[in-house]
Amino acid sequence: MDNFLLQAGAWCVKYGDEMEKTLFQKIADKEIPSTMVYEDDLCVAFRDITPVAPVHVLLVPRKPIPSIGAATAEDAELLGHLMLKVGEIARAEGLAEGGYRTVLNTGVDGGQTVPHLHIHIIGGRSMQWPPG
Ligand code: AMP
């Protein structure tokens with residue numbers, strides 16, 4: 001976690017009580033506009049500003065967990081909730097039949113650019129493997 005926060009640098013001051021809001025918290029709190037497709041008490045889902053496919057939604061817990069690697073046992077129920085929402089959102093976006101990809105980028109090598117756990121839900125075209 002310390003390493004991650006060092007890497008996160010300018011984005012995330014501290015993971016704790018006095019943390020500065022992340023970009024995705026500001027979106028969840030409607031301080032930054034987005035195209036929201038789903039929200040509840042625990043999470044929000046909105047369209048990615050730079051979509052890589054016809055459907056590209058980000059599913060984000062309201063809790064600012066920096067990455068999946070920073071989640072703890074305390075987050076188990078929340079993570080389960082997110083997993084179930086993936087299928088619901090994919091169905092609502094018309095992706096259930098054709099299939100889709102879910103991505104959790106983690107840290108620098110994983111290509112993570114926003115240090116607030118988020119699940120990419122990407123679909124509407126055929127995907128390649130391995131990813132770049
Ligand atoms: P990652 O690189 O996995 O951390 O993903 C961060 C994602 O956030 C990228 O796909 C960005 O296009 C997306 N993103 C950044 N800023 C915004 C924004 N204001 N609204 C919606 N998506 C955003």
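Atoms within a ligand are numbered from 1 in the order they appear, just like the ligands themselves. All residue numbers refer to positions in the sequence shown, counting from 1. Every value quoted in this text rests on a predicted model; they were computed, and no experiment measured them.
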Audit row: Lys63, Glu74, salt bridge (charged side-chain N to carboxylate O under 4.0 Å, His left out) steps and yes/no: CA-CA 12 Å; Lys63 181 177 177 181; Glu74 186 183 289; 3.2 Å; yes
Quick one: side-chain hydrogen bond (donor to acceptor under 3.5 Å, both in side chains) partners of Asn105, sequence neighbours excluded? none
Per-ligand residue contacts, ligand 1, heavy-atom threshold under 4.0 Å: Leu23, Phe24, Ile27, Phe46, Arg47, Asp48, Ile49, Thr50, Leu58, Asn105, Gly111, Gln112, Thr113, Val114, His118, His120
Not counting sequence neighbours, which residues clear salt bridge (charged side-chain N to carboxylate O under 4.0 Å, His left out) with Arg101? List them please. none
Partners passing side-chain hydrogen bond (donor to acceptor under 3.5 Å, both in side chains) against His120 (at least two apart in sequence or in another chain): His56
For Phe24 and Phe46, run ring-ring contact (aromatic ring centres under 6.0 Å, His included): C-alpha distance rounded to whole Å, both residues' side-chain angles, the deciding distance at 0.1 Å, then the answer. CA-CA 10 Å; Phe24 289 165; Phe46 50 89; 5.4 Å; yes
Worked check of salt bridge (charged side-chain N to carboxylate O under 4.0 Å, His left out) between Glu39 and Lys30: CA-CA 11 Å; Glu39 62 181 313; Lys30 314 271 170 61; 3.0 Å; yes
